[in-house]
Peer 1: 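One structure is given below, represented as structure tokens, and several questions about it will come after.
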Amino acid sequence: MQQDEIWGTEAARTYDTPGTGMFSPEVLEPAVERLAQLAEGGRALEFAIGTGRVAVPLSQRNVPVAGIEFSAAMIAELRTKVDEATIPVVLGDMATATVPGSYSLVYLVYNTISNLLTQAQQVACFRNAARHLSPGGRFVIELWVPELRKLPPGQQAVVWQSEAGYIALDTYDVLNQRLVSHHVRFGEGKRAELFRSPHRYIWPAELDLMAQLAGFELESRHADWSGAPFTAESRSHVSVYRLPG
């Protein structure tokens, strides 16, 4: 599965779920609030901006936002909400593409750095963030913690959500630090729809080393956007890295 095959027209058309899931106010509003604070009145750049789930409300908070996005179809959906003058977007890979100007904040949300499938690409993503930041600027990453503790010997899959009409599970390749997320939605009778996406999972300590290679220091890490403490039981984290001033 290649990323351009996954994030095509159909995925872009069905990506938004207004008011529910990752678009629900309890998920979205704390993220936007925290990012607005971290921007400190400066410009923000979103890697993998997608359909503008975060960028659009952040720009409405008077934070100038630009983006990089690999999928032309996702950009097309974003353009139904805002024009190029409001949120300019460069079509390209977040590990290598560049945007004019410098920024006080670069951010990468909802596990998207794991869409880069090699360690080298992920390190390049950090370096690309540093390339766009002013001295003292911040790079913010929201990422899940690999749930390998849930894998008993001989088992390769973890079901992480199950509800009426929907099941989500991850299949792990622990040798290569890869997984595939499977999302199955059940329709009438025997009908079902499957969406799959490959990822390279990253431990927090490995993420910190990638940051060091790009010249960053870890400023803070919390379990969520509201600032809950990060513990051994946390399923995800929001990590804030900062360049020297």
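Side chains are part of it too, since the values below use all heavy atoms of this structure and drop only hydrogens, waters and symmetry mates. This structure is a prediction, so every number in the text was calculated from the model and none was measured.
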Peer 1: If you link ILVMFWY side chains whenever their heavy atoms are less than 4.5 Å apart, which other residues fall into the same cluster as Trp160? By chain and number, please.
Peer 2: Tyr166
Peer 1: Do Val158 and Leu179 have side chains that get closer than 4.5 Å, going by heavy atoms?
Peer 2: no
Peer 1: Is Ser181 reaching over with its side chain to a backbone N or O of Arg196, donor-acceptor style, under 3.5 angstrom?
Peer 2: no
Peer 1: Applying side chain to side chain donor-acceptor pair (under 3.5 Å), name anything that partners Thr96, two or more places apart in sequence or on another chain.
Peer 2: none
Peer 1: Is there a side-chain contact between Phe47 and Ile141, using heavy atoms and a 4.5 Å cut-off?
Peer 2: no
Peer 1: With sequence neighbours left out, what residues match Leu28 under side chain to side chain contact (heavy atoms under 4.5 Å, CB included)?
Peer 2: Val32, Arg53, Val54, Pro57
Peer 1: Applying the 4.5 Å side-chain criterion to the ILVMFWY set and letting contacts propagate, would Leu243 and Met94 be lumped into a single cluster?
Peer 2: yes
Peer 1: Sequence neighbours left out, what passes side chain to side chain donor-acceptor pair (under 3.5 Å) with Trp144? Give chain and number order.
Peer 2: none
Peer 1: Under a 3.5 Å distance rule, please check whether Ser71 uses its side chain to pair with a backbone N or O of Ala73 as donor and acceptor.
Peer 2: yes
Peer 1: Scan for salt bridge (charged side-chain N to carboxylate O under 4.0 Å, His left out) pairs involving residues 206-217, sequence neighbours excluded, and state none if there are none.
Peer 2: Arg200-Glu206, Asp208-Arg221
Peer 1: For Ser102, check side chain to side chain contact (heavy atoms under 4.5 Å, CB included) against everything at least two apart and list the hits.
Peer 2: Ser134
Peer 1: Does a side chain donor of either Glu142 or Trp225 reach within less than 3.5 Å of an acceptor in the other side chain?
Peer 2: yes
Peer 1: Does the Arg242 side chain pair with the main chain of Gly136, one donor and one acceptor, at a distance under 3.5 Å?
Peer 2: yes
Peer 1: Scan residues 77-127 for pairs that pass ring pair (Phe, Tyr, Trp, His ring centres under 6.0 Å), counting only residues two or more places apart or in two chains.
Peer 2: Phe126-Phe139, Phe126-Tyr241
Peer 1: Any pair with a residue in residues 60-69 that passes salt bridge (charged side-chain N to carboxylate O under 4.0 Å, His left out), sequence neighbours left out, goes on the list, sorted by first then second residue, please.
Peer 2: Glu33-Arg61
Peer 1: Would you say Arg131's side chain and Thr98's backbone share a donor-acceptor pair under 3.5 angstrom?
Peer 2: no
Peer 1: Rounded to the nearest 0.5 Å, what's the gap from CD1 on Ile75 to CD1 on Ile68? Could you check?
Peer 2: 10.0 Å
Peer 1: Is the backbone of Pro152 close enough, under 3.5 Å, to the side chain of Gln155 for a donor and an acceptor to pair up by distance?
Peer 2: no
Peer 1: Once salt bridge (charged side-chain N to carboxylate O under 4.0 Å, His left out) is applied, what residue pairs with a partner in residues 146-168 remain, sequence neighbours excluded?
Peer 2: Glu147-Lys150, Glu147-Arg235, Arg149-Glu233
Peer 1: List for me each residue that meets side chain to side chain donor-acceptor pair (under 3.5 Å) alongside His199, sequence neighbours excluded, and say none if there are none.
Peer 2: Ser114, Asn115, Ser197
Peer 1: Going by salt bridge (charged side-chain N to carboxylate O under 4.0 Å, His left out), name the pairs with one or both residues in residues 71-90, residues two or more places apart or in two chains.
Peer 2: Asp16-Lys81, Arg79-Glu84
Peer 1: Please check if the side chain of Thr51 supplies one atom and the backbone of Met74 the other of a donor-acceptor pair under 3.5 Å.
Peer 2: no
Peer 1: Looking at residues at least two apart in the chain, or sitting in another chain, which of them share a side chain to side chain donor-acceptor pair (under 3.5 Å) with Ser24?
Peer 2: none
